[in-house]
Amino acid sequence: MDRKTMQHIYEPFFTTKGVGKGTGLGLAMVYSIIKNHCGFVSCNSELGKGTIFKIYLPATSQGNL
């Protein structure tokens, strides 16, 4: 994706899809959930080649939550 698109990917209701093809909430929800768990998301993209998202979460010693 291009830089202009990347600047908006975590905004609620931002989508590059046509009307009726999506709400644009997916990445906004992921970003919010990860931030609320003290983590972060990185995004690297090359136009015409692909996009990689990496999700980082803190380690915990609490076992199963």
Side-chain angles (χ1 to χ4, degrees):
M1 72 183 99
D2 61 26
R3 288 195 182 274
K4 186 176 179 181
T5 301
M6 282 187 65
Q7 291 174 345
H8 300 282
I9 60 173
Y10 299 116
E11 293 174 9
F13 305 110
F14 175 77
T15 184
T16 58
K17 297 177 183 177
V19 176
K21 301 286 184 182
T23 61
L25 287 175
L27 284 175
M29 290 176 61
V30 167
Y31 181 80
S32 215
I33 291 167
I34 299 303
K35 283 291 267 187
N36 285 333
H37 286 84
C38 301
F40 65 95
V41 181
S42 76
C43 174
N44 293 308
S45 185
E46 256 188 86
L47 190 59
K49 293 196 175 185
T51 303
I52 296 172
F53 287 92
K54 293 183 180 179
I55 296 173
Y56 298 88
L57 293 167
T60 181
S61 60
Q62 295 180 4
N64 294 335
L65 297 177

Next on the checklist: I need the F53 CZ to I9 CD1 distance, nearest 0.5 Å.
Outcome noted: 4.0 Å
All N/O donor-acceptor pairs, side-chain side in residues 44-52, below 3.5 Å, sequence neighbours left out:
{"from": "S45", "atom 1": "OG", "to": "M1", "atom 2": "N", "distance (Å)": "2.6"}
{"from": "S45", "atom 1": "OG", "to": "G50", "atom 2": "O", "distance (Å)": "3.4"}
{"from": "S45", "atom 1": "OG", "to": "T51", "atom 2": "OG1", "distance (Å)": "2.8"}

Checklist outcome for this item: Heavy-atom nearest pair, P58 first then C38, reads CD-O, 3.6 Å
Checklist entry - Under the side chain to side chain contact (heavy atoms under 4.5 Å, CB included) test, which residues partner I33, sequence neighbours left out? => result H37
Checklist entry - Does F14 sit in a hydrophobic cluster with other residues, and if so which ones, taking ILVMFWY side chains as linked at heavy-atom separations under 4.5 Å, directly or through other members? => result none
Checklist entry - Does K17 have any side chain to side chain contact (heavy atoms under 4.5 Å, CB included) partners at least two apart in sequence or in another chain, and if so, which? => result T15, K21
Checklist outcome for this item: Contacts of K4 meeting salt bridge (charged side-chain N to carboxylate O under 4.0 Å, His left out) (sequence neighbours excluded), chain-then-number -> none
Checklist outcome for this item: Heavy atoms of E11 and Q7 approach each other most closely as OE2-O, 3.9 Å
Checklist entry - Is there any salt bridge (charged side-chain N to carboxylate O under 4.0 Å, His left out) pair reaching into residues 31-45, and which pairs are they, with sequence neighbours excluded? => result none
Next on the checklist: Once side chain to side chain donor-acceptor pair (under 3.5 Å) is applied, do any residues pair with T5, and if so which ones, sequence neighbours excluded?
Outcome noted: D2
Checklist outcome for this item: Grouping ILVMFWY residues whenever side-chain heavy atoms fall under 4.5 Å, the cluster of F13 otherwise contains L25, M29
Next on the checklist: Applying side chain to side chain donor-acceptor pair (under 3.5 Å), can you list everything that pairs with N36, at least two apart in sequence or on another chain?
Outcome noted: none
Item to check | Side-chain cluster (under 4.5 Å, hydrophobic types only) that Y56 belongs to, other residues | outcome: F40
Checklist outcome for this item: With sequence neighbours left out, the residues meeting ring pair (Phe, Tyr, Trp, His ring centres under 6.0 Å) with Y10 are Y31
